[in-house]
Amino acid sequence: MIAKVIVDISTSEIDNVFDYEIPSSLAVGVGDRVSVPFANRVIEGFVIEKAETSSSKYTLKSIISRLDAFTAITPEMIELIGFMREKYHVRFIDVLRLCIPSGMRGGKIKESRKFYLSLREGVSEEEIRRTVPKRAKSRLEIIERLRNGSEEMKVLGTEYSASAIKALLDQGIIVKSSVSNYRKPYEKLDSHNGRVTLTKAQSDALAQIKNDDRSVVLLHGVTGSGKTEIYMNLIEETLDSGKSAIMLVPEISLTPQMLRLFRGRFGDTVAMLHSGLTQGEKYDEWRRLLSGDARIAVGARSAVFAPLQNVGVIIIDEEHDASYISETNPRYQTIDVAEFRGRYNGAKVVIGSATPSIETYKSAKDGVYGLVTLDKRVNAKEMPKLEIIDMSKEIMEGNIGIFSRKLKDKLTETVNNGNQAIIFLNRRGYSSFVMCKKCGYVAKCEDCDVSLTYHIDDNMLKCHYCGRRYKMLTECPECGNTELRHGKIGTERVVNEIREFLPDATVLRMDNDTTATKTAYLDILGAFRSREADILVGTQMIAKGHDFPNVTLVGILDADMSLYFSDYRSAERTFQLVTQVAGRAGRSDKQGEVMLQTFSPKHYVFRYAETYNYKGFFEKENNTREITKFPPYTKIARILMTSLDEKAVVDTAKNIYTAVKEVAFEFKKDFVYLQAMKAPVKRIENKFRYQIIMRLIPERADAIIGKINGILDDNIRKNVWTFLEINPQNMN
Ligand code: ADP
Ligand code: ZN
């Protein structure tokens, strides 16, 4: 027998399937991981097919061994690899690596087992008398203990010597057995079954989702409309019908709160897959899903690859969230994988959001997706009142501070009343740049083409692209002047400012800098939830999904910051962020309030956000996209090329551009736009960055993208990295 094996090496040259002989002594099946000889080494690989004969002209080498006691890759996943390869032009091995916990590769993580001792079945009193002498007290005591049933070896080992146990095992009086000893994440988390009776609106929505026969259904529900409860009911019904379920949320929403909710409702049948787990926990949670011991996978993006079989429902919460799109190798969109698995299993895909992406909502309106709407909060609770504050008026009236007078007063009042507040600013650090007041010098990263952000916590300048740190300036390196001007405010400065006018308030900060460790964000959210702090200051991290019942005030500082990016999504992003942050206020019995500070109070994004008018915003934005020919009316394809060697990347860009122009000539009607240029950030980590951007009419875009991939394959060159991105989230 021949096994077709994908070897665990990731380079474009070895992205092939290799034939190996299966020795007759080995039972190897499709989906098994094996070790194989490869170019004078022994490496790991995956069997994706078996065949009687090989067409290879070389003499085949043999598989050395089977690596696991189970089959790691299900037939569904093997089909998925083909699908992803075709769709995204990714390598076999890169998809396979998504399908298993990383600690499994190279045998880094092994199964942990618990061992038990018991009397050998059928052992007679006579045999005991004959083989265990009277003076062997320990051995006789162990035998007495085991007459009542098996005991854990570790426990017996603390009471009796290892030699006594070993002697009995050697004599065959007792036997050893073992079971999987799963490492359980958040073991101490109390489980709390918070089951509530669905409101009429919720049960209607649930029925609509179930009755819709389209494979993808969008649940468009305002913040606090009780979507989570609907998801849990869907999952429960799916389990009752004997099937399994996948529940995806943005990483940041995977709080203990959320885990408690799911464990409380579903117990050990829930397995968690996310970055906060140890390698061992990840491996075990994955194993429980593979074996069917657990039938619900809850996790971030990568959990869409959960090794479940017979999937009945896949839920993607906060579907608009950028984290669902993988922008590093292998690049993929979670919804595509979910839809594939939906088709394969005949499962329903449910995507939910208060602010769906324009593309998604358009698909729903066009009838491609089902559309179910919840336009009120649970029990018809009002949305928090949103007030727009014109910051140019503040300046005209003499207030040049970060906070408007009104927000300052409200914040003080909130804290004095014993309530909690959230202050949102989507910029971390203290100030966005430092500049010499005299000569205009700006501190920049040596390796990247960006200015450095000042961080007052450690008195350092940091590059937000490569992470490199520099000493803070005491004087201008160009002219020696000691007077420096600070750029735009960041979260650190907001905290400092609050401490000045509210010295007794406790303030927590949550951004990339305070959440460097894996559990930090859980700690901060936990502390805020248990009211150890009055105010939470943070970046977009605090916008998503959180349910803090005591938050009555939300302040949004510099709401304009994402509005004027030269990115077609900037209005959409701003609307989503503002709506999501605002949605954190007034979620329980207390009424909430939102103050939004802006220099563009009349901007349509804020006008629609003020009244929580998603549909109005959608219509306006959708029209603009149609007229200006941006997605969903076109597909944007960006070829990004980077290299340490500028000449090499320029040459590559030229060659590729010439070839793309030929395609554009052939498909004239499908190209709305085509340009080659330097990327907006010209250099990151010393790599020069160039790009070719095209906008394509959707109908034939896939065919064109196929040709572009071919062009990229023809232009592979050492030391130049090329990427093809479709509708990229980030156009830097
Ligand atoms: P969403 O995900 O739509 O923002 P959640 O599911 O977090 O909303 O629900 C908002 C709040 O309402 C939560 O505190 C939740 O416990 C509560 N809730 C949801 N459904 C019900 C219900 N049927 N009865 C009472 N409270 C509910
Ligand atoms: Zn840098």
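Counting starts at 1 for both ligands and their atoms, following the listed order. Sequence positions, counted from 1, serve as the residue numbers for this chain. Model, not experiment: these values are computed from the prediction.
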- Message: With heavy-atom distances below 4.0 Å as the criterion, list the atoms of ligand 1 near T228.
- Response: 2 (O), 5 (P), 6 (O), 7 (O)

- Task: Inspect the surroundings of NZ in K365 and state if more than 12 heavy atoms from other residues, nucleotides or ligands are less than 6.0 Å away.
- Result: no

- Message: With ring pair (Phe, Tyr, Trp, His ring centres under 6.0 Å) as the criterion, how do Y614 and Y361 come out once you've worked through the C-alpha distance, each side chain's angles and the decisive distance to 0.1 Å?
- Response: CA-CA 10 Å; Y614 175 83; Y361 199 75; 5.0 Å; yes

- Item | Proximity of D317 to ligand 1 by residue part, where a heavy atom lies under 4.0 Å | neither

- Task: Could you check E319 against T360 for side chain to side chain donor-acceptor pair (under 3.5 Å), going step by step and ending with a plain yes or no?
- Result: CA-CA 9 Å; E319 72 80 30; T360 297; 2.9 Å; yes

- Note on the structure: For the Zn ion (ligand 2) the protein N, O or S atom count under 2.8 Å stands at 4

- Query: Heavy atom under 4.0 Å from ligand 1: found in T199's side chain, backbone, both, or neither?
  - Reply: both

- Checking heavy-atom distances from atom 7 (O) of ligand 1 to each of R584, K227, R587, K200, the winner is R587

- Message: Regarding H220 and T373, do their side chains bring together a donor and an acceptor under 3.5 Å, going by distance alone?
- Response: no

- How many angstroms lie between atom CD1 of I246 and atom CD1 of I296, to the nearest 0.5 angstrom? 11.0 Å

- Side chain or backbone of T223 under 4.0 Å from ligand 1, or both, or neither, by non-hydrogen atoms? backbone

- Of the protein's non-hydrogen atoms, which lies at the shortest distance from atom 22 (C) of ligand 1, and what is that distance? V196 CG2, 3.5 Å

- Between S562 and T574: side-chain donor-acceptor atoms closer than 3.5 Å: yes

- Message: Side chains of T491 and D511 only: does a donor on one sit below 3.5 Å from an acceptor on the other?
- Response: yes

- Going by distance only, is there an N or O of L198 that falls short of 3.5 Å from an N or O of ligand 1? no

- Task: Could you find the nearest protein heavy atom to atom 20 (N) of ligand 1 and give me its residue, atom name and distance?
- Result: Q202 NE2, 3.0 Å

- Report, as yes or no, whether the 6.0 Å neighbourhood of atom NZ on K381 holds more than 12 heavy atoms from other residues, nucleotides or ligands. yes

- All side chain to side chain contact (heavy atoms under 4.5 Å, CB included) counterparts of R587, not counting sequence neighbours: T223, R377, D547, R584

- What protein heavy atom is closest to atom 8 (O) of ligand 1, reported as residue, atom name and distance in Å? G226 N, 3.1 Å

- Message: Among all the protein's non-hydrogen atoms, which is closest to atom 13 (C) of ligand 1, and how far away is it?
- Response: D547 OD2, 3.2 Å

- Item | Test salt bridge (charged side-chain N to carboxylate O under 4.0 Å, His left out) applied to K444 and D449, step by step | CA-CA 7 Å; K444 281 188 146 193; D449 180 44; 3.2 Å; yes

- From CA spacing to verdict: salt bridge (charged side-chain N to carboxylate O under 4.0 Å, His left out), E646, R683: CA-CA 10 Å; E646 187 162 21; R683 197 166 48 102; over 6 Å; no

- Report yes or no: does G221 have a heavy atom closer than 4.0 Å to ligand 1? no

- Message: Regarding ligand 1, does V378 bring an N or O atom to under 3.5 Å of one of the ligand's N or O atoms?
- Response: no

- Task: Look up atom 1 (P) of ligand 1 and tell me if a protein heavy atom lies less than 4.0 Å from it?
- Result: yes

- Determine whether the side chain, the backbone, both or neither of L374 has a heavy atom under 4.0 Å from any heavy atom of ligand 1. neither

- Message: Among all the protein's non-hydrogen atoms, which is closest to atom 4 (O) of ligand 1, and how far away is it?
- Response: G224 N, 2.7 Å

- Item | Atoms of ligand 1 close to V222 [distance to a heavy atom under 4.0 angstrom, numbered from 1] | 3 (O)

- Message: Under 4.0 Å from a heavy atom of S225: which atoms of ligand 1 are those, numbered in the order shown and with their elements?
- Response: 1 (P), 3 (O), 8 (O)

- Parallel, tilted or perpendicular: which fits the ring planes of F575 and F617, with parallel below 30° and perpendicular above 60°? parallel

- Message: Do K362 and N622 pair up side chain to side chain, a donor and an acceptor below 3.5 Å, judged on atom types alone?
- Response: no

- Item | Test item: Q202 side-chain N/O and G226 main-chain N/O as donor-acceptor pair under 3.5 Å | yes

